[in-house]
Amino acid sequence: MNRPLHTEPEAPVIELRSVCKRFKDTTALDSVSLSLAGNRIYGLLGRNGAGKTTLMSVLTGQGFHSSGEVRVLGGSPYENDSVLNRICFIRESQKYPDDFTPLQAFKSAALFFRHWDADFALQLAGEFQLPLKRRIKKLSRGQLSAVGVVIGLASRAEITFFDEPYLGLDAVARQIFYDRLVQDFSDYPRTIILSSHLIDEVANLLEHVILIDRGRIVLDDDAEAIRGSAVTVTGAASKVEPFVAGLTVLHRETLASLASVTVEAGLTEAQRSEAADLGLEIAPVSLQQLVVRKTLAAAEEFSANAAATEMEVSR
Amino acid sequence: MNRVLNVARMQLINKWTFLGIPAIIMASAFLITLAIWALIPETGETKYAGSGQAVMWYFLALGIQSLTLTFPFSQAMSVSRRTFYLGTLGLFAVVALATSVIYYVLGLVETATGGWGMNGQMYALGWIAAEPGPVQILFYFISMITLFMIGFWFATVYKRWQATGMLVAGIGTAAVLLGIVALITWQGRWPQVGQWFAAQTPQTVAGWAALFCAVLAAGSYLTLRRATP
């Protein structure tokens with residue numbers, strides 16, 4: 001039963017314009033603007049408290065934004081059943097009705113998600129070795145995560161959000177999740193937004209990466225473009241430094257006369273052969289490394305700005 | 001509309017919560033009361049018991065539970081707050097109506113059997129039992145809805161503002177009640193208040209309670225509109 005594509009490819013399914021979310025003493029989302037095309041797998045990356053869950057809550061009408069405009073599938077998601085019934089968001093700390101079993105949670109999901117596939121849900125539950133008739137409140141953390149993963153996958157919602165779905169899942173269960181996600185995505189294309197800490201593990205799944213830090217979007221690009229966007233140059237410090245002069249340096253490590261500098265630049269052929277002539281080693285930067293470097297660089301910039309503001313104020 | 005019905009169906013997936021546990025409470029309260037009456041020596045006087053209302057208090061707890069646990073789950077099921085609200089209240093209204101009819105019928109049986117053969121009064125309580133059937137049913141119905149709405153509203157306040165909200169709501173309610181008492185005392189109006197209460201009939205009490213419910217229902221909805229799971 002192959003269903004037609006839910007939405008036209010490349011049509012934006014999510015659009016955010018200058019969305020801010022302020023809590024009493026923090027800014028969880030700081031003027032976020034995004035436009036996401038449909039039928040792709042997005043990685044929403046960032047540190048704890050960077051604003052990932054807040055962003056997903058706003059996108060699903062579960063949370064509120066302070067200002068800006070949010071459009072999901074052409075409408076505002078807040079209290080809008082015609083948008084809501086096409087999306088699925090299981091929170092990382094999802095609560096279930098008292099005494100519910102996984103099977104009862106799946107029965108509920110069948111009532112509300114129109115593309116719900118009950119057989120698929122049972123198959124997944126079997127693979128995760130989920131006890132279907134045990135009360136959810138008695139499940140382990142990993143099993144609790146598995147309930148959310150099963151609902152998210154089997155809902156086949158046009159936009160499905162996974163918020164750190166692997167918490168407590170062992171390596172085997174995580175691999176099952178990644179495999180089923182990719183498999184089911186190719187059978188039933190839809191938009192998947194996956195927030196994750198385990199960047200290396202999910203790097204190969206992602207088609208597009210959004211990096212958020214302190215509520216700001218630091219990076220929003222195709223995974224393919226990002227992979228080529230930074231390199232690490234290693235060699236004698238005296239030769240590395242002139243080579244990277246003028247490039248955006250993300251990270252610098254030195255050990256005696258050796259230097260290893262990560263630069264944000266796709267090197268040209270000429271540059272690569274120049275490096276080879278100088279005896280410098282060029283290595284690609286993994287997505288995880290890049291995310292760490294970008295986040296730390298953003299943090300430095302942030303504290304530098306804050307210090308500058310403070311000095312302005314004290315003057 | 002379909003999704004509203006589905007919210008009600010979702011609440012009934014676990015049959016125990018809305019149907020099983022209330023049935024057990026009603027049955028056990030009834031049987032325990034009968035047992036107690038059987039132990040009391042027969043003196044010819046009527047034996048009263050408040051145990052018939054036991055299930056009503058369960059509905060207060062249910063109002064709290066349906067919000068604290070089922071509401072966050074309904075959000076994960078992509079149900080809007082409005083749909084959740086209508087489905088939950090609608091289902092509860094049906095359950096409360098059914099329970100009210102059962103109360104009324106049990107009251108009739110109680111009267112017909114001479115207080116379960118033991119001259120007891122559990123359901124056909126004097127003040128209400130004299131009224132026509134529909135009034136009795138309405139009275140029970142409104143009472144249950146009131147308790148449910150109190151639980152539901154307090155739970156929405158908790159959901160939105162946590163302990164601070166509960167504290168403010170609790171102290172606020174106490175302050176308002178105290179203010180009213182102080183005003184009556186200061187004005188020396190207690191005799192009139194006493195007369196007013198004595199003049200109330202089940203119909204008028206139901207009317208006031210219905211008004212109170214309407215205020216709570218509107219308040220709950222407005223609070224829930226901005227609540228996060």
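The model shown is predicted, which means the values in this text are computed figures rather than measured ones. Note on naming: letters A, B, ... go to the chains in the order of the sequence lines (proteins, then strands), and numbering restarts at 1 for each one.
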Please check if atom CZ in B:Phe92 has more than 12 non-hydrogen atoms from other residues, nucleotides or ligands closer than 6.0 Å.
yes
Looking only at B:Thr17, B:Thr68, B:Val79, B:Asn14, the option with the highest number of non-hydrogen pairs under 4.5 Å against chain A is B:Asn14
Could you look at A:Phe161 and say if it's the side chain, the backbone, both or neither that has a heavy atom under 4.5 Å from chain B?
neither
Taking CZ in A:Arg174 as the centre, count heavy atoms belonging to other residues, nucleotides or ligands within less than 6.0 Å. Is the count above 12?
yes
Under 3.5 Å side-chain donor-acceptor pair for A:Asp81 and B:Thr83
yes
Under the side-chain contact (heavy atoms from CB on, under 4.5 Å) criterion, do A:Ile151 and B:Met77 qualify, and how do the steps go?
CA-CA 9 Å; A:Ile151 294 176; B:Met77 296 288 105; 4.1 Å; yes
Tell me whether the count of non-hydrogen atoms from other residues, nucleotides or ligands lying under 6.0 Å of NZ in A:Lys138 goes above 12.
no
If we ignore hydrogens and angles and just use 3.5 Å, is the side chain of A:Ser108 paired with the main-chain N or O of B:Met10 as donor and acceptor?
no
Can you confirm whether A:Lys95 sits close enough to B:Phe73 that some side-chain heavy atom of one is under 4.5 Å from a side-chain heavy atom of the other?
no
So with a 6.0 Å cut-off around CD of A:Gln129, is the heavy-atom count from everything else above 12?
no
Does any heavy atom of chain B fall under 4.5 Å from the side chain of A:Tyr96, the backbone, both, or neither of them?
both
Do the non-hydrogen side-chain atoms of B:Thr228 and A:Gln62 ever get within less than 4.5 Å of each other?
no
Please determine whether the number of non-hydrogen atoms from other residues, nucleotides or ligands lying under 6.0 Å from atom CZ of B:Arg160 exceeds 12.
yes
So A:Phe89 and B:Ser78, do their side chains get closer than 4.5 Å, heavy atoms only?
no
Count the heavy-atom pairs under 4.5 Å between each of B:Arg226, B:Gln65, B:Arg9, B:Gln75 and chain A, then report the option with the highest count.
B:Arg226
Just so I understand: if I count every heavy-atom pair under 4.5 Å between each of A:Phe112, A:Tyr78, A:Phe100 and chain B, which residue has the most?
A:Phe112
Under the criterion side-chain contact (heavy atoms from CB on, under 4.5 Å), I'd like the reasoning laid out for B:Val7 against A:Leu111: C-alpha separation, chi angles, the key distance, then a yes or no.
CA-CA 8 Å; B:Val7 169; A:Leu111 291 170; over 6 Å; no
Would you say A:Glu79's side chain and B:Arg82's backbone share a donor-acceptor pair under 3.5 angstrom?
yes
Rounded distance (nearest 0.5 Å) linking atom CG of A:Asp99 with atom CD1 of B:Ile21:
6.5 Å
